[in-house]
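Following: one structure in structure tokens, then a few remarks.
Atoms within a ligand are numbered from 1 in the order they appear, just like the ligands themselves. This one's a predicted model, so the numbers in the text were calculated from it and none came from an experiment.
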Amino acid sequence: MKHLVITGGTDGIGAALARQRLALGDAVTVIGRDEAKGAALAALGARFIPADLSLVAEHLRVTDLLASRPIDALVLCARYFRSHRHETPDGFEACFALEYLSRFQLSHGLLDALEAAPAPVVVNVSGPGAPKPEIRWDDLAFRRGYSGMEAQFHAGRANDLLGLAFAAEHPAARTRYTLVNPGGVASSFAGEYDPATAAMVEHMKRTARPVTAAVPPLSALIDDPPAEPLTAWANGRPVDPRTTPRDDEEAARLHRLTERLLRAAVE
Ligand SMILES: NC(=O)c1ccc[n+]([C@@H]2O[C@H](COP(=O)([O-])OP(=O)(O)OC[C@H]3O[C@@H](n4cnc5c(N)ncnc54)[C@H](OP(=O)(O)O)[C@@H]3O)[C@@H](O)[C@H]2O)c1
């Protein structure tokens, strides 16, 4: 029996994975905000931890709650789209906070619990293999030229670099880091959409593959983590986790900058 921790486990791909693994007899902890969806998974046997993962302080509480039990797989799925820019109480742009900073805090913050498992893996479900913008070194808060799509792709780039930095920062770790782009599936697409984007999302919900199609490749990585410290996959095929020759340098730079931002947020 494995212990999985799934952020965004209350809906979409995360919930589909949670249901499958509960049916197989695994222990599953899901993290999300929606109490009713959390209760539905708890009724199937999951542990539900309600938390707003766009907030830095929540990660201290959540990592404390999770520290004492080995984690075989940390699966990072939480996302929320916003057509209009939103700032968290910590002063971060909300997509950057939820889709990158949260994953940074949980990946590094739960390493001891991961290392206590026999074959641990972090599965960061994001967007490797897709073209992405450069990191906005001078405007991580997207004060200029915000668009919801751009913010999502920017967080995707930051997650690619998170994978590289995680492997570089923890060279002796047994924990494998894997970035997974599931391809388009009809998830809940949680978010606040302007009318044009809402119409596009409704079309995707009608035409994309069912959300359960994203589960088998994730389950395979959990059952048999890759031998390499860092891997990336798009639509079930391996892709290079590096997309530019500068990636290792940029990963180290973003890692240092993120540590500074998080330190400042808790001071
Ligand atoms: N769906 C696709 O076609 C697709 C394509 C490529 C990549 N992906 C990636 O796959 C992953 C999963 O996507 P999905 O489409 O399955 O997601 P989704 O259906 O939109 O579900 C999002 C999840 O995130 C949680 N969430 C949102 N805001 C949160 C917050 N502030 N704190 C904690 N949890 C929060 C939601 O839970 P609550 O409602 O309980 O808050 C929900 O469980 C994402 O990383 C996404 O980028 C998806």
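Residue contact annotation: Gly127 has no non-hydrogen atom under 4.0 Å from ligand 1.
Where the criterion is an N or O separation shorter than 3.5 Å, residue side chain and backbone included, Leu53 meets it with respect to ligand 1. Ligand 1 has no N or O atom lying under 3.5 Å from any N or O atom of Leu76, backbone or side chain. Considering backbone and side-chain N/O atoms, Arg103 comes within less than 3.5 Å of an N/O atom of ligand 1. Below 3.5 Å of separation, one finds an N or O of Arg79 facing an N or O of ligand 1. In terms of polar-atom proximity, defined here as any N/O pair under 3.5 Å, Ser187 does make such a contact with ligand 1. Ligand 1 has an N or O atom lying under 3.5 Å from an N or O atom of Ala190, backbone or side chain. Between Asp11 and ligand 1, an N or O atom pair is found at a separation short of 3.5 Å. The shortest N or O to N or O distance between Gly8 and ligand 1 is under 3.5 Å.
Contacts with ligand 1 closer than 4.0 Å are made by no heavy atom of Ile31, backbone or side chain. When non-hydrogen atoms are compared, ligand 1 lies under 4.0 Å from neither the backbone nor the side chain of Gln152. Residue contacts with ligand 1 for Ala51 involve N, CA, C or O but no side-chain atom from C-beta outward (heavy atoms, distance under 4.0 Å). Here Thr7 has no heavy atoms under 4.0 Å from ligand 1, in either its backbone or its side chain. Contacts of Tyr80 with ligand 1, taken as heavy-atom pairs under 4.0 Å, involve the side chain alone.
In this structure, the protein non-hydrogen atom closest to atom 12 (C) of ligand 1 is Cys77 O, 3.2 Å.
Closest heavy-atom approach to atom 16 (O) of ligand 1 among the candidates Ile6, Asn235, Ile13: Ile13.
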